[in-house]
Amino acid sequence: MEPVSLQDFVCALDLASLPRVLRVCSGVYFQGSIYEICGNECCLSTGDLIKVIKVCLQKVVCKNPGTGQTMEISPNFPGRFTPLTGPQSYRTLEELLSAATQRSRKLPIGFMSTHRISTEARVVPRDQPLLLKDVEAYHGTYRARCVLDTETQQFILHLPLSQKGPFWEWEPGAPQPLLQALQDPALSDRLFTCSTLPWRSLILRPQYELQAVMHIFSSLRTAASLSAPQTQDEDPATECQGQFTYIRQGFCPYEGPQAH
């Protein structure tokens, strides 16, 4: 297996496959990788073996991509997250539809407005997901036939293509709980929106702690914890960088516990 960073390993890890044995290939390791043995601090070195036995999600850092502001939320945060299709917002429905057509995107198109929309039928709250199902001619103009799906009922709304936003495009599908959004590999690099958080769009950066058994010089079994932020651009004072190779289960050149 090709060497990978600790962050990439954690992001792609199937927890059902634990324990996993890793060998340190290269890198520089900071605060997150320092562990204590008999009162002495040690650092990982090239060639060290790490048997990962547990991965714990410590917290999730939400980042506003526009301002760079961040906030922390706990793993049991109750809000639900909707993935946005791209980082760009659109001033009108016509602009959103035109951009989707250029990308050969077919209807229906999911979108939401950062402002409240008032129609004859009802008022659509800000950040409420809508589906643009079709475009219809009406009295010499064109309007979008949209579906508002509440928990109890679906409503059909007709909005002029000149309707002002800003609008964000989103991926059709039900909003997901935090842990489900983090575990979906297709959403690893996507922007999200969450109605219970103050920002229109945000990036989710989970931070994990790995519990591992390590082989030191005397081949003694030693417990350790490693911090593994998901992304590479975290504060280097707390980041653990480097390359790791997965050792197939059942093989270990040193004495000590084996991966089963």
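None of the values given here were measured: they were computed from a predicted structure.
- E72 is linked by a side-chain hydrogen bond (donor to acceptor under 3.5 Å, both in side chains) to K59, counting only residues two or more places apart in sequence or in another chain.
- Partners of F192 by ring pair (Phe, Tyr, Trp, His ring centres under 6.0 Å), not counting sequence neighbours: none found.
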Problem set entry | Working for side-chain contact (heavy atoms from CB on, under 4.5 Å), residues I109 and L131 | CA-CA 6 Å; I109 298 172; L131 273 182; over 6 Å; no

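- Between the SG atom of C62 and the CD1 atom of I203 there is a distance of 10.0 Å, given to the nearest 0.5 Å.
- Side-chain polar atoms of E94 and T92 form no donor-acceptor pair below 3.5 angstrom.
- Residues Y138 and V135 fall into different hydrophobic clusters, defined by Ile, Leu, Val, Met, Phe, Trp and Tyr side chains chained together at heavy-atom separations under 4.5 Å.
- A distance of 9.5 Å separates CG in L132 from CZ in F167, rounded to the nearest 0.5 Å.
- Between S195 and R126, every side-chain heavy-atom pair lies at or beyond the 4.5 Å cut-off.
- For the side-chain hydrogen bond (donor to acceptor under 3.5 Å, both in side chains) condition, the pairs that include at least one residue of residues 105-120, sequence neighbours left out, are R105-E169.
- Considering CZ of F155 and CZ of R122, their distance stands at 4.0 Å, rounded to 0.5 Å.
- Of the inter-residue distances, the one linking L22 atom CG with L49 atom CG reads 9.0 Å to the nearest 0.5 angstrom.
- Taking both residues in full, the closest heavy atoms of S201 and W168 are given as OG-CH2, 3.8 Å, listed atom of the first, atom of the second, then distance.
- Contact between V55 and Y208 at its shortest, heavy atoms only, is CG1-CD2, 3.7 Å.
- Here the closest non-hydrogen pair linking P75 and L178 is O-CD2, 3.9 Å.
- With a 4.5 Å cut-off on side-chain heavy atoms, D149 and P129 do not count as touching.
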For residues 76-90, please give each side-chain donor-acceptor pair under 3.5 Å, one per line with the distance, not counting sequence neighbours.
from	atom 1	to	atom 2	distance (Å)
N76	OD1	S74	OG	2.4
R80	NE	P175	O	3.3
R80	NH2	P175	O	2.9

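- Contact annotation: the side chain of E171 approaches that of R190 to within less than 4.5 Å [non-hydrogen atoms, C-beta and beyond].
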Return a table of donor-acceptor pairs under 3.5 angstrom between the side chains of residues 156-163 and protein atoms on other chains or two or more places apart.
none

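- Salt-bridge formation is not detected for the pair E209/K54: no Lys NZ or Arg NE/NH1/NH2 atom is positioned less than 4.0 Å from an Asp or Glu carboxylate oxygen.
- Between the CG atom in L182 and the CZ atom in R205 there is a gap of 13.0 Å [rounded to 0.5 Å].
- Side-chain contact between L93 and F111: present, with at least one pair of heavy atoms (C-beta onward) separated by less than 4.5 Å.
- Expressed to the nearest 0.5 Å, how far CD1 of I73 lies from CG of L197 amounts to 6.0 Å.
- The two residues L107 and K133 come nearest to each other via the heavy atoms CD1-O, 3.6 Å.
- Linking Ile, Leu, Val, Met, Phe, Trp and Tyr residues whenever their side-chain heavy atoms come within less than 4.5 Å places L18 and L179 in a single cluster.
- Legend: residues meeting side-chain hydrogen bond (donor to acceptor under 3.5 Å, both in side chains) with E95, ordered by chain and number and at least two apart, are R91.
- The two residues M112 and W170 make their nearest non-hydrogen contact at N-CD1, 3.7 Å.
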